[in-house]
Amino acid sequence: MEKLTRDIFLLGIISFFADASSETIMPVLPFFIAALGGGGLALGAIAGIGDGIASLSKIFSGTFSDRMGKRKIFIASGYSLSAVAKISFPLSSQWWHLVFLRGIERIGKGVRGAPRDALIGDLYKERRGEAYGIHRALDTAGAVVGSFLAFFLFWLLKVEIKTILIIAAIIAFFAIPPIFFVREIKFIRKKEKGEISSGLKKFTAIASLFSFGNFSYMFLLWRIGGDFSYEKISYAILAYALFNIVYASLAPYFGKLSDKIGRKIVIILGYIAFTFLCFGFIFLPNFTGILFYLLTILLFMAYGIFFALVEGNQKAFVSDLSKYKGTGQGIFQASIGMATIPANLIAGILWDTMPELTFLYGAILSLIAAILLSSLDIEKS
């Protein structure tokens, strides 16, 4: 049996600090946007354009890491750029400033993402799904810490959102030192034709269709934020922390499950889970009092299950389907990243028209993606 070395745990620790930083920001960011005067379209632009622009960097970083036979230089550069960009968030005085600043931060994520995920694929074969699951679990453990930190600072200490953003930016720098202790897998790439398998092309197309309807978590927080009162914002942050707990707890299990029963089945279940999640958010405002809070808990638990089923296993499936994993991860992550631009802009426009339409849109596309993935024969390269 293949041994899981310290490298996967180091990569997990790196992601722990990076996500602790990001997830301290993320639950308060939609309400910061609202405070700056942003509506649904603003939310969609900030959520989608930054990720879309950053997705282009994933192609280059993944391909160049394959050509150079090195991953760590891209990983270090990406985490450093993101940390520096986050410092500027609280300086924003208009919502459109965050379109630019979040784009820079997401470019850092794009630069590091594909090479890091490719390195995990380089390091492990037999237990690849489990390795991705462990990484996602540590990554999301940081998210749990970050989201609870945001709740603690906002609800208990009554810290202003701008100050929370500064604290989060400082945490991001702790992700950088452990990178230098990760083992590099060096190799020489030979130029070959037909590097992208047909299976990867098919899966990327379907996953991109799903991402076209997979709008930002920020719309979920706005849905339960209601009138954006202090209490509702605090509850939204707490619900987001619950999502991260469920995600972190289940990611390793679903990674191991995909090693046994196949990635495709597990990913299809994730797409279907998102469908039901969207329908739940359509009817959420029909409930009041304790029923509203109970349903919100169930929906954010479902959101955690969806992420645990899909996030790590999609990346593991891409590694399965790729000979050159940096290139494969780059193309895949760029494609689904570009899909987030129209996904969030459309979601924002629909939100400003009628919020229920945003969730109906996501439900329909996720169901179509699940049906398409189940009907296609996708083989490993």
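Here the closest non-hydrogen pair linking Ala175 and Ala18 is CB-N, 3.9 Å. The two atoms that bring Ser15 and Tyr79 nearest to each other are OG-OH, 3.1 Å, heavy atoms only. Taking each heavy atom of Ala118 and Gln329 in turn, the nearest pair found is N-CG, 4.2 Å. Residue Tyr217 comes nearest to Leu29 through the heavy atom pair OH-CB, 4.4 Å, listed as atom of the first residue, atom of the second, then distance. For the residue pair Pro27 and Ala150, the shortest heavy atom distance occurs at CG-CB, 3.9 Å. The shortest heavy-atom contact between Leu200 and Ser322 is CD2-OG, 3.5 Å.
A donor-acceptor pair is defined here as one N or O able to donate and one able to accept, closer than 3.5 Å; such a pair exists between the side chain of Ser61 and the backbone of Val111. Judged purely by atom type and a 3.5 angstrom limit, Lys70 has no side-chain atom pairing as donor or acceptor with the backbone of Glu184. Here the side chain of Ser335 pairs no donor or acceptor atom with the backbone of Phe332 at under 3.5 angstrom. Judged by distance alone, with hydrogens and angles left aside, the side-chain atoms of Ser92 form no donor-acceptor pair with the main-chain N or O of His97 at under 3.5 Å. In terms of modelled atom types and a separation under 3.5 Å, the side chain of Arg263 and the main chain of Asn313 share no donor-acceptor contact. In this structure a side-chain-to-backbone donor-acceptor pair under 3.5 Å is present from Ser77 to Ile73. Checking side-chain atoms of Asp139 against main-chain N and O of Asp19 turns up no donor-acceptor pair under 3.5 Å.
Contact check for Leu238 versus Phe148: side-chain heavy atoms found under the 4.5 Å cut-off. Within the 4.5 Å cutoff, no side-chain heavy atoms of Ile245 are placed close to those of Phe300. Here the side chains of Gln333 and Lys109 are not in contact, with every heavy-atom distance at 4.5 Å or above. Side-chain contact between Leu41 and Leu345 is present, with at least one heavy-atom pair separated by less than 4.5 Å. By the 4.5 Å heavy-atom criterion applied to side chains, Leu220 and Ile224 are not counted as neighbours. Looking at Arg183 and Lys72, their side chains never come closer than 4.5 Å, going by heavy atoms from C-beta outward. When side chains are defined from C-beta on, Phe16 counts as touching Val145, because their heavy atoms get closer than 4.5 Å. Between Arg223 and Trp351 the shortest side-chain heavy-atom distance falls below 4.5 Å.
Taking the centre of each ring, Phe32 and Trp95 stay at or above the 6.0 Å mark. The aromatic ring centroids of Phe274 and Phe210 lie less than 6.0 Å from each other. With ring centers used as reference points, Phe215 lies under 6.0 Å from Phe359.
Note that CG of Leu373 and NZ of Lys264 are 6.0 Å apart. Values are rounded to the nearest 0.5 Å. Taking CG of Leu269 as the reference point, atom CD1 of Ile305 lies at 11.0 Å (rounded to 0.5 Å). Here the OH-OG distance, from Tyr124 to Ser319, works out to 13.0 Å after rounding to the nearest 0.5 Å. Rounded to the nearest 0.5 angstrom, Leu277 CG and Leu299 CG are separated by 6.0 Å. Atom CZ of Phe307 and atom CG of Asn244 lie 9.0 Å apart (nearest 0.5 Å). Of the inter-residue distances, the one linking Leu43 atom CG with Phe219 atom CZ reads 4.5 Å to the nearest 0.5 angstrom.
Between the side chains of Ser82 and Arg112, a donor-acceptor pair is found at a separation under 3.5 Å.
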Next item on the list: Kindly determine whether Phe203 and Phe317 satisfy ring pair (Phe, Tyr, Trp, His ring centres under 6.0 Å), including the steps that lead there.
Entry: CA-CA 9 Å; Phe203 177 60; Phe317 200 24; 4.8 Å; yes

Checklist line | Intermediate values then yes/no, side-chain contact (heavy atoms from CB on, under 4.5 Å), Phe31 and Lys232 | finding: CA-CA 11 Å; Phe31 305 107; Lys232 283 291 182 72; over 6 Å; no

Checklist line | Check against side-chain contact (heavy atoms from CB on, under 4.5 Å), Asp117 and Val318 | finding: CA-CA 10 Å; Asp117 294 332; Val318 170; over 6 Å; no

Item checked: Criterion side-chain contact (heavy atoms from CB on, under 4.5 Å) on Thr275 and Phe306, from CA distance to verdict -> CA-CA 10 Å; Thr275 302; Phe306 150 68; over 6 Å; no

Next item on the list: Could you check Thr24 against Ile167 for side-chain contact (heavy atoms from CB on, under 4.5 Å), going step by step and ending with a plain yes or no?
Entry: CA-CA 8 Å; Thr24 304; Ile167 293 171; 5.6 Å; no

Next item on the list: For ring pair (Phe, Tyr, Trp, His ring centres under 6.0 Å), just list the numbers for Phe243 and Tyr240, CA-CA rounded to whole Å, side-chain angles, deciding distance to a tenth of an Å, and then say yes or no.
Entry: CA-CA 5 Å; Phe243 146 71; Tyr240 189 78; 5.4 Å; yes

Check: Where do Phe154 and Tyr230 land on the ring pair (Phe, Tyr, Trp, His ring centres under 6.0 Å) test, with the steps shown first?
Finding: CA-CA 9 Å; Phe154 185 81; Tyr230 184 78; 4.9 Å; yes

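In the hydrophobic cluster analysis, where Ile, Leu, Val, Met, Phe, Trp and Tyr join through side-chain heavy atoms closer than 4.5 angstrom, Met301 is grouped together with Phe287. No chain of hydrophobic side-chain contacts below 4.5 Å, direct or via other Ile, Leu, Val, Met, Phe, Trp or Tyr residues, connects Ile104 to Leu91. Both Ile161 and Trp96 are part of a single hydrophobic cluster, where members link through side-chain heavy atoms under 4.5 Å apart. Linking Ile, Leu, Val, Met, Phe, Trp and Tyr whenever their side-chain heavy atoms come within less than 4.5 Å puts Ile272 and Phe283 in one cluster. Hydrophobic clustering keeps Ile371 apart from Phe212 (ILVMFWY residues linked when any side-chain heavy atoms are closer than 4.5 Å, directly or through intermediates).
Around NZ of Lys260, the count of heavy atoms belonging to other residues, nucleotides or ligands within 6.0 Å does not exceed 12. Environment of CZ in Phe174: sparse, with no more than 12 heavy atoms of neighbouring residues, nucleotides or ligands closer than 6.0 Å.
A search for side-chain contact (heavy atoms from CB on, under 4.5 Å) contacts involving Leu372 returns Ile206, Leu209, Ile368, not counting sequence neighbours.
Taking 4.0 Å as the cut-off between side-chain N and carboxylate O, Asp66 and Arg71 count as a salt-bridged pair.
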